[in-house]
2 protein chains.
Amino acid sequence: MTAEGTAPPRRARDADASRKALLDAAAALFDARGYGGATVREIGERAGLDAALIARYFGSKEGLYLAVLADEERAAERGPLEPDLAALAERLLTRWDGAEAPLRRALASPAPTPPERAQLRRIVRRLTDPAKEAIGGGEDAALRAELLVALLVGVSVSRANGTLAKLAGASRAQVLRQLAPLLEALEGGEGSR
Amino acid sequence: MTAEGTAPPRRARDADASRKALLDAAAALFDARGYGGATVREIGERAGLDAALIARYFGSKEGLYLAVLADEERAAERGPLEPDLAALAERLLTRWDGAEAPLRRALASPAPTPPERAQLRRIVRRLTDPAKEAIGGGEDAALRAELLVALLVGVSVSRANGTLAKLAGASRAQVLRQLAPLLEALEGGEGSR
DNA sequence: GCAGTAAGTCAACAGTTGATGACATCGCTC
DNA sequence: GAGCGATGTCATCAACTGTTGACTTACTGC
């Protein structure tokens, strides 16, 4: 009854808990299906609530999506400042690999709306700014920090969707091992040639 | 009238040309919107034809999608054998960057069906096998070749969707320059440390 | 214990979607 | 030129989607 992915048991009425349940259900389904593939009925069912509460509490499905992204933004702001690219990679992979991770799905989504895109850019800036400074700051460093994010998005979504067979089948330790020289190259930049 | 993205002018009836028009329109829209975001009406309109022809010629929307992926598979098979990771990166970036590229979108899609996933795996194998051999063959080499694909998927989709600001704003030459040390690291493997 | 309100549900709606089959039209062959 | 079949269109359908508002029920405070 309380198994992973099924609706939670009935509980006393609690709007905050209901909002949280909808956010959690939405995060999982937006990650697994993408924004368009996740329906409000499925989100409601997974949360153990009626889908009408989505419009009630968040204004709309889009409002719920932006709230899920706002949660990711808060987590990025509350998290530690990652001092270098290796720490950032570790953090993102830990957060994204084998988990319900709406952020990596959103970063790979096909046609973000302007508010979505703005929010995602803010989150990425928050995540990458400290590590960017550690490799010298400036435009090149920002580009390399973002290359790391792009790499991890690619790794993460393809491990989740199974399209790259070896990557999907590898252990996280293996993936980290193979990523290590890439991280060094990113930390060194084109001068490392 | 024949501007990019709008329906082509009326022409004499030609089933092959119509099939091609639908495939082209679908490729563009599956890339831009993802599979779920592209509607049969929009595909039909873009092809200058009625959407009913999708079911007629391809059986269903899903059948059209698999046909688009089959085109990508044929292109991979007919293309040259890329001798190393650098050549593969050049080829994929040329094919994917600033273009209508259903393959990169498909490789990042949230929930591929088993036939979709099988097809994508075949395409990736075809693309990576030669370059994999150039870095020694074996499981580690395969993993590294796939890491390159994951990286380029991440770079390509984020440049298209604009979620990573610096990467989206950089010229292709800049991106290639920053990728160069990553490619070297992938060619060297973890032994390059 | 009762009243009032907040929380949750249910039914319905308008619009959209992929698919189907009837119909129209074009083009080729005789 | 006529006939036939292939090609393309149009109208329609069932199912689905996000949203809305009426209704129900639970909970809190007096």
Side-chain angles (χ1 to χ4, degrees), chain A residues 6-30 32-69 109-113 115-116, chain B residues 6-30 32-69 109-113 115-116:
Chain A
T6 60
R10 295 298 306 262
R11 55 163 169 72
R13 293 176 179 209
D14 181 341
D16 284 342
S18 294
R19 256 186 292 264
K20 177 80 171 58
L22 287 171
L23 281 165
D24 290 347
L29 288 167
F30 288 149
R33 306 278 170 73
Y35 174 74
T39 67
V40 293
R41 285 173 175 84
E42 247 185 322
I43 292 166
E45 190 176 321
R46 189 183 169 104
L49 298 163
D50 193 272
L53 290 183
I54 291 172
R56 174 81 65 71
Y57 290 143
F58 301 98
S60 62
K61 182 186 177 185
E62 172 71 13
L64 174 60
Y65 187 57
L66 291 173
V68 167
L69 294 185
S109 67
T113 63
E116 290 165 12
Chain B
T6 59
R10 297 296 307 259
R11 52 161 172 72
R13 295 177 175 205
D14 180 341
D16 285 341
S18 293
R19 260 188 288 267
K20 176 82 171 62
L22 287 170
L23 281 166
D24 290 347
L29 288 167
F30 288 148
R33 306 279 171 75
Y35 174 76
T39 67
V40 294
R41 285 173 176 85
E42 247 184 321
I43 292 166
E45 190 175 324
R46 190 184 171 103
L49 297 163
D50 193 272
L53 290 184
I54 292 171
R56 172 79 66 70
Y57 289 143
F58 301 98
S60 64
K61 183 185 176 186
E62 172 71 13
L64 174 61
Y65 186 58
L66 292 173
V68 167
L69 294 184
S109 67
T113 63
E116 289 165 12

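The sequence lines fix the lettering, A, B, ..., with proteins before strands; numbering per chain opens at 1.
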Exercise. Using whole Å, report how far CG of Leu22(A) lies from P of dG18(D).
Key: 14 Å

Self-check item: Cation over ring face, Lys61(A) and Phe30(A), 6.0 Å, 45°
Solution: no

Quiz item: How many Å lie between CG on Leu53(B) and C1' on dG8(D), as a whole number?
Solution: 6 Å

Quiz prompt | N-O pairing of Asp24(A) and Lys20(A) below 4.0 Å | solution = yes

Self-check item: Under 3.5 Å: donor-acceptor pair, side chain of Tyr35(A), backbone of Glu62(A)
Solution: yes

Exercise. Rounded to the nearest angstrom, tell me the gap between atom CG in Leu64(A) and atom P in dT19(D).
Key: 10 Å

Practice problem: Report the distance from atom CD of Glu42(A) to atom C1' of dC16(D), rounded to the nearest whole Å. | Solution: 12 Å

Exercise. Please round to the nearest 0.5 Å and tell me the distance separating atom CG of Leu64(A) and atom CZ of Arg19(A).
Key: 12.0 Å

Quiz item: Looking only at heavy atoms, what is the nearest atom pair of Leu49(A) and Leu22(A), with distance?
Solution: CD1-CG, 4.0 Å

Quiz item: Quick one: side-chain hydrogen bond (donor to acceptor under 3.5 Å, both in side chains) partners of Thr39(B), sequence neighbours excluded?
Solution: none

Quiz prompt | nucleotides 17-30 of chain C: protein proximity per nucleotide (B base, S sugar-phosphate only, - neither; heavy atom, under 4.0 Å) | solution = BBBBBB--BBS---

Quiz prompt | Tyr57(B) vs dT7(D): side-chain N/O to OP1/OP2 distance below 4.0 Å | solution = no

Quiz prompt | Distance in angstrom units between Leu49(A) CG and dA6(C) P, rounded | solution = 19 Å

Quiz item: Separation of Asp16(B) atom CG from dA6(D) atom C1', in whole Å?
Solution: 12 Å

